[in-house]
Structures are given as C-alpha cells and as structure tokens.
Enquirer: 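Can you read through this structure? Questions will come right after.
We count residues from 1, following the sequence as given. When reading the values below, keep in mind they use all heavy atoms of this one structure, side chains included, and skip hydrogens, waters and symmetry mates.
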Amino acid sequence: MSRFRQQSARVPSWPITALAKNYPQGWHVAKHRHRRGQLIYAKSGVMHVTTREGIWIVPPQRSLWIPLGMEHEIHMEGQVSVRMLYLDRPTSASFGPHCKVLAVSALLRELVLAAVQAHVDKAHERMTILIPLLLHELHTADETAFHIPVPADPRLKNVCRRLLAGTSHVETLEQLAARAGASSRTLARLFEKELQMSFVRWRQHVRLARALSRMCLGHSIKTVARDAGYASCSAFSSMFHRVLGVTPTDYMKQAMEPGGGRSRSR
C-alpha cells in the first residue's frame, strides 16, 4: 500500500464537518447550494435566509436546517458570528427535505461550538465522541414554524418585494395592486393561492420578522412597535402574542437565554 493510501486509511470519515465564519453588518452571501445538508447557527447577530420555500429569520439561540441541494442566500443584520455544520447525504436524510428553524439549547450550543473547534484542531477522538450526542440533540430540538413564504407570480413578487423593502409601509392592497398592474381582487386571490394566507396576514408576518430582527439587535420594544406602524406597544404586543404565542418581552427572555422555551406560530 502506498504512503498516501496508508495515511488516508488512518483519517476517519466523519458524517459532520464544521466551520466558523464572521460577517460584517449588511453582508450578503449570494445564492448558492451545497452537496451536503447544512445547519447554520448565529452565535451572535441575526440572519435572513431566503430559499424557494420562504424567508427565514434566524436570531441568536435559533438555527436553520437547509437540505442538501436547496439554493439559498443570506443577509446579515448587524455583525454576525456564524457556526455551520455540514451533514453527509445519509445523515441529512433523517432531517427531511424542507427548511426548518430549530431552537438551540445550552447543550446544543456548546456541542456545536465544540464540534467546530474539534474540526479545526483535527481532534479525531473528540469529534468521534461529540457527533452522536450532537445528532441526538439536533433530532430532539424544538421547531419554530415562523417564516415568510415567497411567491412565484411576477405581479405578486413585485408587491411582496415592496413590502419586504419597507417602501410600502402604509399602502393598501388597492394601492399596491395599481402599482403591480393587477386588480386588488386578483392580488387577494394570489395571496391565498400561492402563499396560503391573506394579504393582511402576510404583511403582518413581514412586520413581525423585521421587528424580531431589530429586537434581537438591541432596539427597544417601544421603538420597534412604532417603526412597525403600530400606534401603541399594547397593539404591537397583541399582534406579537397572537402570532407567536408569547409577548415580545417573554420572547426576548427566551431568545437570549440558552435553552429558552418554544415559540409557536399559528
């Protein structure tokens, strides 16, 4: 056996590889895909990840599972410290073919960080011990269903783009329809058909996503509520609770504490 083959035989083939990257505020990772399933975790900062399935908001203490082959792009809110795990094809299969947000418990956080360091150090024995527990924690992590679905129809895309950019803060469906060259009835039908939710609810999700990002970056609830177009904090809190099942204050307590409780979407 050649020396190269002897060396290769001694190197284990792990089902998981790990990577750490830091990004400056506003950084955009262009559309790309991986041959492995990917788990991305923001140790600090907030990520907006866009796939064909929707837009996913990933604050600290949350991670996003992206199936292998799923094209995606990432926008960074603030300075973001990212930890990424790449799972081989057999291991990826057990996590399913769709994106999903997973809560990061205190134990899972430390396992991800330890796996990244072990991979950097090429600590084979440590990595071998870490992987089974890491996979177990990933499989048992709570899921949070909140995300923003994206449309395919060009007219609806135009409207949604304006809403996502925040350039149509108070425009009605009728005003947006006029800009898109469609009737308000047509747009309303497209929202229900393509996005499985009404225009009002979709815009509500966009406002909530933007609010979550700003809250996780340190903005006060009062400021976030005002900028989201709500006349009072109580009105904003009512909407927040209706969608996520918790108040903004309780959500932030959970989000900033490792192992925080589960939020739910309706």
Side-chain angles (χ1 to χ4, degrees), residues 26 28 30-31 46-59 64 66 70-75 77 98-101 143-217 219 221-248 251 263-266:
H28 173 229
K31 287 183 179 179
V46 177
M47 297 179 289
H48 291 197
V49 183
T50 303
T51 76
R52 67 172 182 266
E53 295 185 335
I55 299 171
W56 309 81
I57 311 302
V58 190
L64 178 65
I66 304 175
M70 176 76 73
E71 188 174 71
H72 58 283
E73 59 182 312
I74 309 173
H75 293 267
E77 292 271 347
H98 301 290
C99 294
K100 54 187 173 183
V101 175
E143 284 188 43
T144 56
F146 178 74
H147 79 290
I148 304 169
V150 292
D153 185 278
R155 295 163 296 179
L156 196 55
K157 272 187 175 180
N158 182 39
V159 169
C160 291
R161 191 177 297 114
R162 287 182 60 80
L163 290 167
L164 287 166
T167 55
S168 55
H169 195 58
V170 294
E171 285 182 298
T172 65
L173 181 60
E174 288 72 21
Q175 291 170 323
L176 290 165
R179 288 181 177 275
S183 69
S184 59
R185 181 177 295 181
T186 296
L187 278 188
R189 177 176 54 79
L190 286 171
F191 268 102
E192 294 287 353
K193 180 181 178 181
E194 291 205 18
L195 305 179
Q196 283 77 56
M197 61 177 66
S198 68
F199 160 71
V200 171
R201 190 180 178 200
W202 194 89
R203 183 166 63 179
Q204 187 179 75
H205 273 56
V206 171
R207 288 175 173 176
L208 181 56
R210 190 173 292 115
L212 283 173
S213 294
R214 301 194 68 211
M215 286 164 54
C216 289
L217 292 172
H219 295 274
I221 294 173
K222 182 178 180 180
T223 299
V224 168
R226 182 195 64 213
D227 293 346
Y230 288 85
S232 66
C233 284
S234 60
F236 172 74
S237 295
S238 177
M239 177 278 296
F240 196 103
H241 188 277
R242 186 167 58 254
V243 177
L244 292 181
V246 293
T247 65
Y251 180 91
S263 298
R264 67 182 184 276
S265 175
R266 293 175 180 147

Enquirer: Show every donor-acceptor pair shorter than 3.5 Å between a side-chain atom in residues 180-190 and any protein atom, with sequence neighbours excluded, or say none if there are none.
Expert:
from	atom 1	to	atom 2	distance (Å)
Ser183	OG	Thr186	N	3.0
Ser183	OG	Thr186	OG1	2.8

Enquirer: Which atom names give the shortest non-hydrogen contact between Pro248 and Ile221, and what distance separates them?
Expert: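 Heavy atoms of Pro248 and Ile221 come nearest at CB-CD1, 3.7 Å.
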Enquirer: Between Pro151 and Leu195, which heavy-atom pair has the shortest distance, and what is it?
Expert: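 Closest heavy-atom pair between Pro151 and Leu195: N-CD2, 3.6 Å.
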Enquirer: Heavy-atom count around Lys100 NZ within 6.0 Å, excluding the residue itself: above 12?
Expert: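 Check passes, neighbour count above 12.
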Enquirer: Measuring from Leu176:CG to Glu171:CD, what's the distance to the nearest 0.5 Å?
Expert: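 Separation between the atoms: 4.5 Å.
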Enquirer: Test side-chain contact (heavy atoms from CB on, under 4.5 Å) on Met197 and Gln204; report intermediate values, then the result.
Expert: CA-CA 11 Å; Met197 61 177 66; Gln204 187 179 75; over 6 Å; no
Enquirer: Give the minimum heavy-atom separation between Pro59 and Val46, together with the two atoms involved.
Expert: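 Looks like CA-CG2, 4.1 Å.
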Enquirer: Can you tell me how far the SG atom of Cys160 sits from the CZ atom of Phe191, to the nearest 0.5 Å?
Expert: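 Reported value, rounded in 0.5 Å steps: 4.0 Å.
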Enquirer: Parallel, tilted or perpendicular: which one describes the rings of His28 and His75, with boundaries at 30° and 60°?
Expert: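 Parallel.
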Enquirer: Evaluate Phe240 against Leu212 for side-chain contact (heavy atoms from CB on, under 4.5 Å), listing each step before the verdict.
Expert: CA-CA 10 Å; Phe240 196 103; Leu212 283 173; 3.7 Å; yes
Enquirer: So does Val224 get a backbone contact from the side chain of Arg210, meaning a donor-acceptor N/O pair under 3.5 Å?
Expert: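 The answer is no, because no donor-acceptor pair under 3.5 Å joins these two groups.
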Enquirer: Between Glu194 and Asp153, is there a donor-acceptor pair closer than 3.5 Å when you use the side chain of the first and the backbone of the second?
Expert: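 Judged by distance alone, yes, a pair lies under 3.5 Å.
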Enquirer: Looking only at heavy atoms, what is the nearest atom pair of Ala235 and Ser232, with distance?
Expert: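 Closest heavy-atom pair between Ala235 and Ser232: N-OG, 3.2 Å.
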Enquirer: Taking only residues two or more places apart in sequence, or in another chain, which ones meet Glu73 in a salt bridge (Lys or Arg N to Asp or Glu O under 4.0 Å)?
Expert: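 Applying salt bridge (Lys or Arg N to Asp or Glu O under 4.0 Å) to Glu73 gives none.
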Enquirer: List the steps and the verdict of side-chain contact (heavy atoms from CB on, under 4.5 Å) for Gln175 and Arg179.
Expert: CA-CA 7 Å; Gln175 291 170 323; Arg179 288 181 177 275; 5.9 Å; no
Enquirer: Would you confirm whether Glu77, through its side chain, and His48, through its main-chain N or O, come within 3.5 Å as a donor-acceptor pair?
Expert: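 It does not hold such a pair.
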Enquirer: What's the separation between atom CG in Leu164 and atom CD1 in Ile55, rounded to the nearest 0.5 Å?
Expert: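 Taking CG in Leu164 and CD1 in Ile55, the distance rounds to 4.5 Å.
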Enquirer: With rounding to the nearest 0.5 angstrom, report the OG1 to CZ distance, Thr247 to Phe236.
Expert: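 CZ of Phe236 is found 10.5 Å from OG1 of Thr247.
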Enquirer: Has the side chain of Glu53 got a donor or acceptor atom that lies under 3.5 Å from a matching backbone atom of Cys99?
Expert: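 Yes: the side chain of Glu53 pairs with the backbone of Cys99.
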Enquirer: So does Pro149 get a backbone contact from the side chain of Trp202, meaning a donor-acceptor N/O pair under 3.5 Å?
Expert: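 Yes, the answer is positive, given that a donor and an acceptor are paired below the 3.5 Å cut-off.
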Enquirer: Met70 versus Arg52: any side-chain heavy-atom pair under 4.5 Å?
Expert: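 Side chain of Met70 against side chain of Arg52, heavy atoms only: contact under 4.5 Å found.
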Enquirer: How many angstroms lie between CD in Glu71 and OG1 in Thr50, if you round to the nearest 0.5 Å?
Expert: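 Interatomic distance, Glu71 CD to Thr50 OG1, rounded to 0.5 Å: 11.0 Å.
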Enquirer: Supply the atom-to-atom distance Thr51 OG1 to Ile74 CD1, rounded to the nearest 0.5 angstrom.
Expert: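 The OG1 atom of Thr51 sits 11.0 Å away from the CD1 atom of Ile74.
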